[in-house]
Each structure stands twice: as C-alpha cells, then as structure tokens.
Amino acid sequence: MLKKIKYVLIAAVAAFAAVSCQDYLTQPPVGSLSPDGFYTTPAHLESGVLGVYTKLTTYNIENLQYLLFSEDRSDNIWADPDPNGVRACSETAFLRIGSSLDELGTLWAGWYSLIYNANTVLANIEAVEFTDEAIKNQFKGEVLFLRALAHFELARTFGNVPVVDHILSPAEAKELTQSDAATVIKNSVIPDLTEAENLLPYRSSMKSSTGANIASEGRADKLSAQALLARVYMTLKGYPFNDSSAKANAQSYLTKVLQGGSSYFAPTIAEWKKQFMTDAATANKYQIFAIQHTDTDHGNQLTFEEGVGINNLTYVTDSYHSGSGMTSLYPEATLHYEYESNNDPRGLGYYFMDTYEEYGNTPEYAYRTTEFQYNGKTISTIENAINIKWCPTVPKREETGIAFDETSMGTSTSSRNKWPVNFPILRYEDMMLLQAELYVEDGKVSDAMGLVNQIRNRAGIEARPTGCSAADALKYVKLERKLELFLEGVRWFDEVRYGEWKECTLAMWDNYKTDGAYRTNISTGNIRDGRHYLPIPISETNAAPGLYVQNSGWE
C-alpha cells in the first residue's frame with residue numbers, strides 16, 4: 001500500500017515539536033496534504049487517502065501512542081527507574097513527567113496532523129467525479145474511520161481535547177476550546193465511525209481508484225469500523241465514564257464482529273505467529289486493522305524501542321540491525337513467569353528472549369533472576385528479559401518459514417527501525433476477550449471461559465475451568481488479555497477502564513522492592529487522581545493563555 005504514495009512526505013519529529021495546535025490546524029504541517037488545487041481525479045483522491053494512513057506509520061503516533069504512553073505506563077512493562085540519563089520511557093513509567101516533555105507535544109501534533117490530512121480529503125471529495133460511487137463512498141469511509149481513530153486516541157489519552165471536524169480558519173483556531181473526553185467520543189468519534197460503517201464495504205470488496213481489488217492491503221473496512229465501535233463503547237462503559245447505556249451498543253458491535261470476522265482467528269499457533277513477521281499479506285489475514293509496514297521506507301517504529309540491545313548476530317544477522325540502541329524496557333516479571341511456567345509459545349522466543357551467548361566482542365547477555373510474589377507464593381524469574389515481539393529474529397524466520405533480506409533496509413543506524421512488520425490496532429482475539437468480559441458480567445461464566453480457552457487451546461496450554469466463580473473468571477479474562485495482546489498498546493487502557501490503574505501501578509512497584517524499599521527514583525506520591533490522562537502539552541497551554549485548561553493531577 002505505502003509504495004503507492006507519491007505525494008506525501010514524512011515529517012521530522014522536530015518539525016512538530018516546535019509548533020502549537022493553532023499553527024498546525026490552520027497551516028499544513030510539514031508532510032501534510034495540499035488543501036486544494038490537487039484533487040481532480042479519483043487517483044489523486046486515493047493518494048490523499050493513503051497520505052492519511054501514512055501518518056500512522058510515523059514515530060509521532062506509532063511509537064508514542066502505543067508504546068511510550070500505553071505499554072510503558074502499564075503493568076506489562078518494567079522500565080529501569082534509574083537509567084543512565086533522562087529517558088522518556090522511565091519518566092513516563094514512573095509518572096515523573098511534566099507538561100514540558102517533548103514527546104507529549106509530538107504525539108498531540110502527530111494526531112492533529114493526521115486529522116488535518118483527513119479533513120483536507122473530506123473537503124475535496126465531493127468535487128471529484130467518480131464513475132463508481134461505491135469507491136467514492138469507500139474512500140470517504142476510510143478517512144472518517146481514521147479521523148475517528150485520531151479523535152478517540154486523543155480523547156482517551158489526553159482527556160480534554162479540541163475537536164477538529166473541518167479545515168479551520170486562523171480565526172476559528174484562535175477560539176477553538178477543549179471538549180471533555182465523553183463529548184469528543186459521543187459527538188465526534190461515534191458519528192464518524194457510524195457513517196464509516198455505513199459507507200465501507202467488507203474487506204473482500206475493497207477497491208482502488210481503478211477498480212482493482214485491494215482486499216490484501218489492510219485498509220480500513222466495515223469490520224474495522226465495527227470493531228473500533230465495540231472498543232469505543234467498552235471504553236465508555238468503563239472508568240472514568242461509567243456510562244451504563246454503552247453496554248448494549250458494545251454488545252451489538254461485538255456480536256457483529258464475532259459473527260462476521262471469524263476468519264481472522266488464526267487456526268493454529270504456527271499460523272498465529274506469522275502475523276508478527278514481515279509478510280504483510282499473511283499478517284492482514286489475521287488482523288482486523290493494522291498499521292501497514294509493507295516496505296522498508298516505512299518500517300515499524302517499535303522494532304528496537306522495546307528493550308536492551310540484541311547484539312548477537314545469531315538472532316539478527318546484519319549488524320546494522322542489531323538493536324544496540326534499544327532502551328531498558330522489560331516484560332514485567334510475573335507476566336514473564338506466567339508465560340514461562342505454562343510453556344506458553346507466545347512468550348519465550350517469540351514475545352521475548354531471556355539471553356544470548358557471547359558473540360565476537362559482545363559478551364553474553366547478563367540476565368538477572370529475582371524473587372517476586374505472585375498468587376500468594378514466592379517465585380523466581382528473570383526480571384530483565386529482552387522484548388522481541390516486533391523483531392523478526394532469525395529463529396522466528398526459520399520457524400515460520402518467512403524469509404527476509406535485511407540488506408534491503410540499508411546500513412545506517414536508523415535502519416534498525418525499518419523492519420516491515422505490521423502493528424495491529426484491532427485484532428479478533430481482542431474482541432473475543434471483550435465479549436468474555438460481558439459474558440462474565442451477565443453470569444455466563446462457561447461461555448466466557450469458552451472464548452478464553454479457544455485462545456489457550458490454540459497455544460497448547462492448560463485450559464481454564466469452565467465451572468469457576470465469576471470473580472475467578474474475570475481474573476482469567478483480564479490475564480488472558482495481557483498474555484494475548486502484550487505490547488499492542490492495549491493494557492494501559494484496560495487498566496483505566498477497569499478503574500484499576502492506580503492499584504495495578506502500585507502493586508507492580510511494590511513487587512519490585514529491594515529489601516523492602518522501593519527502587520531508586522520511585523515515588524508513590526506520583527500516583528494521583530486524574531493521572532490516567534496525560535498532561536496537556538505546554539506548547540498548547542502557552543499558545544493562547546486561558547484557552548486550554550491543564551488536566552487535573554498535572555497542574
């Protein structure tokens with residue numbers, strides 16, 4: 001898909017960090033689409049649509065939204081609290097950040113840049129003549145889906161954000177105020193997604209501007225809109241919205257997805273593993289919607305931002321792609337134990353590796369085994385395993401039979417992040433486990449465990465008891481979401497909607513105590529009400545003093 005884009009440039013991170021919302025909502029940011037004078041044919045318009053998708057592939061969104069400000073904040077990941085220098089991952093994980101953190105403004109600008117591009121396409125689409133109205137409707141539906149995704153992520157990440165549903169004039173931008181997250185979701189996200197659902201076909205009928213079938217390209221379709229609506233309504237059902245009326249809508253959309261999307265469930269663990277490799281066509285068979293990385297010019301931004309470096313060339317055969325620049329982020333120890341103790345094939349060797357042997361001048365990786373408390377007992381497990389979910393290591397390639405020539409990525413340091421591995425935003429298993437939550441709530445424990453066990457049986461690990469209590473069933477569902485969706489940007493927002501983010505954070509910090517004391521630079525005073533949202537970037541609050549209000553807990 002991305003090879004077709006001729007008209008879109010990727011903006012450098014620094015280009016966004018230096019501007020305010022008012023700037024980039026009224027003026028095309030670097031790499032944005034021209035607001036007029038270009039869209040005269042369906043092919044031109046499709047280039048604009050693809051330009052909106054391209055924004056998802058940037059560091060500004062993919063890395064910051066789904067790793068730094070999701071996984072790093074959750075109890076899936078243990079970050080080094082005292083690294084060798086100031087590291088955004090550690091500052092974020094231990095709630096030490098402030099509104100001046102550059103990455104906040106970068107993420108904010110990244111999503112609004114996508115929205116700008118989406119609004120540009122929508123402003124021009126009606127003037128373009130199509131011979132096939134269904135293709136025009138599809139393009140409009142795709143862009144509405146992407147705009148809705150952007151507003152949704154902004155709302156659940158920052159809370160109080162401006163809604164931008166058209167290209168703003170300078171005067172409008174100066175007066176644009178924040179809306180609370182519930183209003184953003186109900187008045188913007190849901191209407192955009194509902195319209196997208198009505199306009200979009202299912203994947204098998206997706207077409208390009210020429211009428212060619214593009215089912216394998218992974219663009220947003222009707223099922224994508226339905227799955228995102230299911231997630232949106234489950235979000236509204238939980239904390240901090242606690243909207244009881246959202247449950248019926250969540251159930252309605254989960255039913256649509258589970259009935260219409262069963263082909264997205266990989267039948268075997270061998271097939272399941274292939275979706276996290278460099279074959280986009282196979283990945284798209286099992287991912288409802290994903291950020292597409294089909295070439296090395298637009299590589300996965302998370303590949304080497306997950307943990308310490310893999311310097312042994314047994315795992316990554318080209319030294320330029322060895323990951324020596326990775327940061328100190330590790331799978332949380334009790335989660336590591338859960339994979340390890342069950343011989344779960346999703347864990348060791350696929351999501352993470354424990355060590356590597358000496359290679360050349362690189363010493364053997366020094367892993368640490370530590371005692372932790374888990375389920376009422378003392379366990380011994382590795383606390384600094386290496387996250388490799390998004391790295392297609394040599395053993396993974398050999399196991400899956402998916403080969404890849406690393407030399408195609410070039411030989412610069414930045415080529416570490418050029419691996420063409422898709423990043424899933426919506427997966428069928430996510431929907432299954434959301435449905436399992438509702439089953440437990442409705443007293444259908446056996447049905448809930450049936451869904452959990454479909455996933456566990458595929459992995460070849462012990463099934464959960466179908467006759468357990470509702471309380472135990474809910475624990476099993478929540479744990480399975482951690483195990484199945486690890487490093488996919490889901491867990492933090494689960495903690496929030498469960499209303500458990502403070503308890504989960506404190507429990508992890510407590511479990512990593514050394515001789516009864518918290519590790520260096522950890523302060524429980526940073527766990528404050530309101531901090532489930534990030535602070536509004538200082539670039540926004542300073543741009544027009546009094547226009548934006550800082551979030552509670554970050555004043």
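Values in this document were obtained by computation on a predicted structure and should not be read as measured data. Only heavy atoms go into these numbers, but all of them, side chains included; no hydrogens, no water, no symmetry mates.
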Exercise. What is the ring orientation for Tyr351 with Trp272, classed by angle as parallel under 30°, tilted 30 to 60°, or perpendicular over 60°?
Worked result: tilted
Problem set entry | Nearest non-hydrogen partners of Ala448 and Ala436, listed with the distance | CB-O, 3.5 Å
Exercise. Would you say the side-chain atoms of Trp492 pair up with the backbone N or O of Trp501, donor to acceptor, closer than 3.5 Å?
Worked result: no
Problem set entry | Validation row: Ile461, Arg346 side chains within 4.5 angstrom (heavy atoms) | yes
For this session: State whether the side chain of Lys222 and the backbone N or O of Leu200 hold a donor-acceptor pair below 3.5 Å, judged by distance alone.
Result: yes
Exercise. Do any N or O atoms from the side chain of Asn457 and from the backbone of Asn453 form a donor-acceptor pair under 3.5 angstrom?
Worked result: yes
Exercise. Does Asn387 use its side chain to pair, donor to acceptor, with the backbone of Leu329 at less than 3.5 Å?
Worked result: yes
Exercise. Does the side chain of Asp221 pick up a donor-acceptor pair with the side chain of Gln138 at under 3.5 Å?
Worked result: no
Exercise. With no hydrogens and no angle check, is any side-chain donor or acceptor of Asp529 less than 3.5 Å from a backbone partner on Gly553?
Worked result: no
Problem set entry | Expected output: side-chain Thr541 to main-chain Ile538 donor-acceptor under 3.5 Å | yes
Exercise. Is there a donor-acceptor contact under 3.5 Å linking the side chains of Asn551 and Asn160?
Worked result: yes
For this session: Compute whether any side-chain donor of one residue and acceptor of the other, for Asn249 and Ser252, lie under 3.5 angstrom apart.
Result: no
Just list the side-chain donor-acceptor pairs under 3.5 Å for residues 464-471, sequence neighbours left out, or say none.
| from | atom 1 | to | atom 2 | distance (Å) |
| --- | --- | --- | --- | --- |
| Ser469 | OG | Asp472 | N | 3.1 |

Exercise. Should Tyr264 and Gln287 count as side-chain neighbours, where that means a heavy-atom distance under 4.5 Å?
Worked result: no
Exercise. Using a distance-only test with no angle check, is there a side-chain donor-acceptor pair under 3.5 angstrom linking Asn119 and Arg147?
Worked result: yes
Problem set entry | Passing option when Phe94 is tested against Tyr518, Trp78, Tyr512 for ring pair (Phe, Tyr, Trp, His ring centres under 6.0 Å) | Trp78
Exercise. Does any donor atom in the side chain of Glu429 or Tyr286 lie under 3.5 Å from an acceptor atom in the other side chain?
Worked result: no
Exercise. In terms of side-chain heavy atoms, does Gln550 have a donor or acceptor partner in Glu555 at a distance below 3.5 Å?
Worked result: no
Exercise. Between Trp390 and Phe276, how do the two ring planes meet: parallel, tilted or perpendicular, split at 30° and 60°?
Worked result: perpendicular
Problem set entry | Phe352 ring center near Phe486 ring center (under 6.0 Å) | no
For this session: Scan side-chain atoms only and decide if Glu338 and Asn342 contain a donor-acceptor pair under the 3.5 Å cut-off.
Result: yes
Exercise. Can you check whether Val164's main-chain N or O pairs, donor with acceptor, with His151's side chain at less than 3.5 Å?
Worked result: yes
Exercise. Are side-chain N/O atoms of Thr334 and Glu332 paired as donor and acceptor at under 3.5 Å?
Worked result: yes
For this session: May I ask you to test the Asn60-Ser113 pair for a side-chain heavy-atom distance under 4.5 Å?
Result: no
Exercise. Are Tyr330 and His336 close enough that their ring centres sit under 6.0 Å apart?
Worked result: no
Exercise. Under a 4.5 Å cut-off applied to non-hydrogen side-chain atoms, are Ser188 and Phe152 in contact?
Worked result: no
For this session: Kindly say whether Phe69 contributes a backbone atom to a donor-acceptor pair with the side chain of Arg73 at under 3.5 angstrom?
Result: yes
Problem set entry | Asn76 and Glu71 side chains, donor-acceptor separation under 3.5 Å | yes
Exercise. Do the side chains of Leu67 and Glu62 get nearer than 4.5 Å, heavy atoms only?
Worked result: no
For this session: Step through the shown structure and confirm whether more than 12 heavy atoms of other residues, nucleotides or ligands are within 6.0 Å of NZ on Lys475.
Result: no
For this session: Would you confirm whether Tyr53, through its side chain, and Ala220, through its main-chain N or O, come within 3.5 Å as a donor-acceptor pair?
Result: yes
For this session: Kindly state whether the ring of Phe423 and the ring of Tyr66 have centres lying under 6.0 angstrom apart.
Result: yes
Problem set entry | Backbone N/O of Gln373 and side chain of Asn511: donor-acceptor pair under 3.5 Å | yes
Exercise. Are more than 12 heavy atoms from other residues, nucleotides or ligands located less than 6.0 Å from atom CD of Glu462?
Worked result: no
